[in-house]
There are 2 protein chains.
Amino acid sequence: MITLKELAEKLNVSISTVSKALNGSSEIGEATIARVKETAKMYNYKPNRVALSLKNSKTKTIGVIIPNILNHFFAKVLYGIEKESAKQGYNIITCLSNELYEKEANSLELLANGSVDGFIMSIAEETEVNKKTDHFKDILNQKIPILMFDRVSQAITCDKVVNNDFQAAYDATMHLIKEGRKNIILINKIEELSVGKLRSKGCFKAIEDAKQYNSNLTEVKIPSTENVEVAIENYFDKKQPIDGVICIDNISGGAVLNIAKERGYSIPQDMSIIGFSDDNVLPFTSPKLSTIAQHSDAIGEASVQILVNRLESKEPVETVFKTIDFSLNLRETTL
Amino acid sequence: MITLKELAEKLNVSISTVSKALNGSSEIGEATIARVKETAKMYNYKPNRVALSLKNSKTKTIGVIIPNILNHFFAKVLYGIEKESAKQGYNIITCLSNELYEKEANSLELLANGSVDGFIMSIAEETEVNKKTDHFKDILNQKIPILMFDRVSQAITCDKVVNNDFQAAYDATMHLIKEGRKNIILINKIEELSVGKLRSKGCFKAIEDAKQYNSNLTEVKIPSTENVEVAIENYFDKKQPIDGVICIDNISGGAVLNIAKERGYSIPQDMSIIGFSDDNVLPFTSPKLSTIAQHSDAIGEASVQILVNRLESKEPVETVFKTIDFSLNLRETTL
DNA sequence: TTGAAAGCGCTAACAC
DNA sequence: GTGTTAGCGCTTTCAA
């Protein structure tokens with residue numbers, strides 16, 4: 001890595017002349033600018049980003065904290081974040097909380113030492129369950145902005161980007177009701193999470209708004225520690241009538257489908273199933289699973305746009321709460 | 001963020017005294033050390049990482065370039081990388097090449113301006129296909145180490161971590177042969193990639209080594225741009241006898257299973273199927289897919305260990321070529 | 001035992 | 001039009 005100083009020596013001019021010339025300053029003569037630029041290119045000069053960061057107190061880097069990268073939803077959000085960040089000239093430092101409060105708090109603290117200009121994150125499950133918020137407040141007090149997506153904290157005032165979870169669940173349930181399904185079950189493996197509660201509420205609201213259809217909704221809560229398939233098998237063993245299933249996390253849908261098929265249900269004739277997920281997560285089920293499709297990459301992109309806008313705006317920016325649309329993808333497990 | 005300077009003012013001592021005290025230098029008196037540390041804690045002092053980086057010409061940051069984060073294999077490697085990096089006190093800057101040469105070269109160049117101490121990466125498909133290597137050489141010439149995992153370049157001398165791809169494919173094929181399968185097909189959707197070629201070779205070698213069994217192996221190459229399901233359907237349409245299938249990429253397995261079931265094959269009685277993937281990628285197939293299981297997180301962990309060792313070692317380190325074991329996970333789609 | 005000063009690479013106000 | 005200088009936050013040599 002060649003530096004300005006070395007370039008200056010080679011050119012027999014001062015460091016600041018080189019600096020100004022490379023930045024095309026009008027203070028410097030045409031000829032010099034050309035000469036400097038040429039030499040810089042020849043030696044493949046690149047401004048040292050660390051020095052720039054120190055000088056400007058700006059790193060052009062965003063800290064991203066993801067609860068679980070093996071969850072396709074988060075992977076796709078990260079995809080969106082990275083894409084938009086690159087476009088805006090930002091790097092991302094990625095930390096994975098693995099759903100743990102400790103790791104999340106640690107990452108925030110560690111990166112708040114000047115490594116990043118702001119954070120984009122989704123809250124770890126443990127943090128949500130235990131309602132921890134002090135670590136967020138610490139960061140915000142240091143005037144480092146945080147943007148939360150998907151799993152957000154009511155108790156914290158900051159930019160937020162979420163799915164329209166309530167509406168999505170509402171629409172899916174309404175669809176089953178209008179199909180004529182009477183005994184619908186709601187598989188909730190994420191009841192501890194804010195989004196889980198929201199989606200659950202959406203389902204019940206649909207039932208309420210359509211009571212003339214006389215559909216029933218039974219919520220099956222599965223603790224996050226428990227095996228999905230076993231829990232679902234257990235419920236089926238109860239022999240309650242079921243003709244509709246809504247899964248509000250992004251893996252249960254496939255499990256329900258397989259179990260139902262094994263038990264002899266014709267899908268979708270005997271039973272409709274709707275999963276919750278980004279497209280293409282369960283591409284190989286047969287029949288193909290109908291889903292509530294989150295536009296996960298759009299969540300990532302919007303998050304970056306909102307955060308970068310805040311970072312680069314001269315004037316104070318109002319807190320943003322953005323809702324990302326979803327779509328109901330009816331494939332082969334619904335009528 | 002409080003700085004050393006501000007602490008020094010509050011304590012009425014010099015900046016260097018504060019610095020030394022915080023680092024527990026023996027030059028400084030016990031009493032002063034205690035006083036300084038206390039005040040530092042009170043004001044929640046954290047050394048500015050950017051300043052440290054500039055001073056030490058070390059960022060304690062690794063640049064990670066992933067071809068496709070939506071591929072579960074890479075997501076899990078990233079998981080391993082992040083986990084081990086955090087353990088070693090490194091941050092990771094994540095870039096996604098999305099299989100494009102341009103993006104890959106760009107990320108390397110961008111981060112080589114002092115942002116990272118070294119790189120961990122897997123080569124983008126486009127880069128491999130076009131055999132581009134100059135961008136790697138540029139970086140290595142700047143004395144910034146690169147470690148390649150999974151998809152590596154023969155033409156470049158650097159640390160490498162790979163699956164034992166040849167052996168994995170060999171063992172899987174041998175298993176099918178010993179099951180008595182005679183007409184085995186090899187679904188190769190990644191023939192352009194080095195790992196694809198290696199796995200393919202492993203399969204053929206097994207056939208050769210076991211010619212007394214009289215098993216046949218037919219390779220079905222699917223261009224990466226083509227739809228897997230359509231291509232597989234097309235092959236099945238040819239009505240060639242098939243009683244064994246090996247899929248050497250990590251999604252085709254599920255597709256083959258569904259198509260075979262739809263066409264009336266009993267699995268595994270009529271046909272054995274083995275997929276290639278990390279565990280739990282296709283957890284909801286029925287019957288459960290047998291797979292060649294990569295230990296993807298181990299790849300990530302090993303990569304970080306090797307790179308960090310190189311970065312922190314005083315003496316020159318020999319180039320490392322590490323092979324990660326796999327396991328053959330026989331579930332329900334094999335006899 | 002403590003402090004002053006230089007320097008990592010860069011920019012920008014100010015001199016010349 | 002070009003150069004000098006200070007300073008971003010930190011460590012470290014050298015001087016007191």
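Letters go in sequence order (proteins before strands), and every chain restarts at 1.
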Chemist: Nucleotide range of DNA chain C contacted by chain B, 5' to 3', under 4.0 Å to a heavy atom?
Modeler: C:dT1 to C:dG9
Chemist: How many angstroms lie between atom CD1 of B:Ile123 and atom NE2 of B:His135, to the nearest 0.5 angstrom?
Modeler: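 Output value for this atom pair is 7.0 Å.
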Chemist: Whole angstrom is fine here: how far is it from CD1 in A:Ile28 over to P in D:dT2?
Modeler: 6 Å
Chemist: Measure from CG on B:Asn23 to P on D:dC10 and round the result to the nearest Å.
Modeler: 11 Å
Chemist: For A:Ser26 and for A:Ser16, locate the closest nucleotide of DNA chain D by heavy-atom distance; then report the residue assigned to the nucleotide nearer the 5' terminus.
Modeler: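 The answer here is A:Ser26.
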Chemist: Considering every strand and a 4.0 Å limit on heavy-atom distances, what is the contact class for A:Lys20: base, sugar-phosphate, or nothing?
Modeler: base
Chemist: With a 4.0 Å cut-off on N to O distance, would you call A:Arg310 and A:Asp159 a salt bridge?
Modeler: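 Answer for the salt bridge query: yes.
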Chemist: Does a side-chain N or O from A:Thr17 land closer than 4.0 Å to OP1 or OP2 of D:dG3, or not?
Modeler: yes
Chemist: Step by step, would you call B:Arg35 with B:Glu30 a salt bridge (charged side-chain N to carboxylate O under 4.0 Å, His left out)?
Modeler: CA-CA 9 Å; B:Arg35 212 162 57 93; B:Glu30 294 273 311; over 6 Å; no
Chemist: Please confirm whether the backbone N or O of A:Phe149 pairs with a side-chain atom of A:Ser122, one donor and one acceptor, at under 3.5 Å?
Modeler: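 Yes; at least one donor-acceptor contact below 3.5 Å.
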Chemist: Contact list please: residues 34-61 of chain A against DNA chain D, heavy atoms, distance less than 4.0 Å, in numerical order.
Modeler: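 Within residues 34-61 of chain A, the residues near DNA chain D are A:Leu54, A:Lys55.
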Chemist: Identify the two heavy atoms, one from B:Lys58 and one from B:Leu311, that lie closest to each other, and give their separation to 0.1 Å.
Modeler: NZ-O, 4.4 Å
Chemist: Donor-acceptor pair, A:Asn23 side chain versus A:Lys20 backbone, under 3.5 Å?
Modeler: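 The answer is no, because no donor-acceptor pair under 3.5 Å joins these two groups.
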Chemist: Does this structure show an ion pair linking A:Glu126 with A:Lys103, if we count only N-O contacts that are shorter than 4.0 Å?
Modeler: no
Chemist: Let me know the distance between CD1 of B:Ile15 and C1' of D:dT11, rounded to the nearest Å.
Modeler: 11 Å
Chemist: Assess whether a salt bridge exists between B:Lys87 and B:Glu82, defined as any Lys/Arg side-chain N lying under 4.0 Å from an Asp/Glu carboxylate O.
Modeler: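 Here B:Lys87 does not pair with B:Glu82 in a salt bridge, since their nearest N and O are not under 4.0 Å apart.
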Chemist: Between D:dC10 atom P and B:Met1 atom CE, what is the distance in whole Å?
Modeler: 6 Å
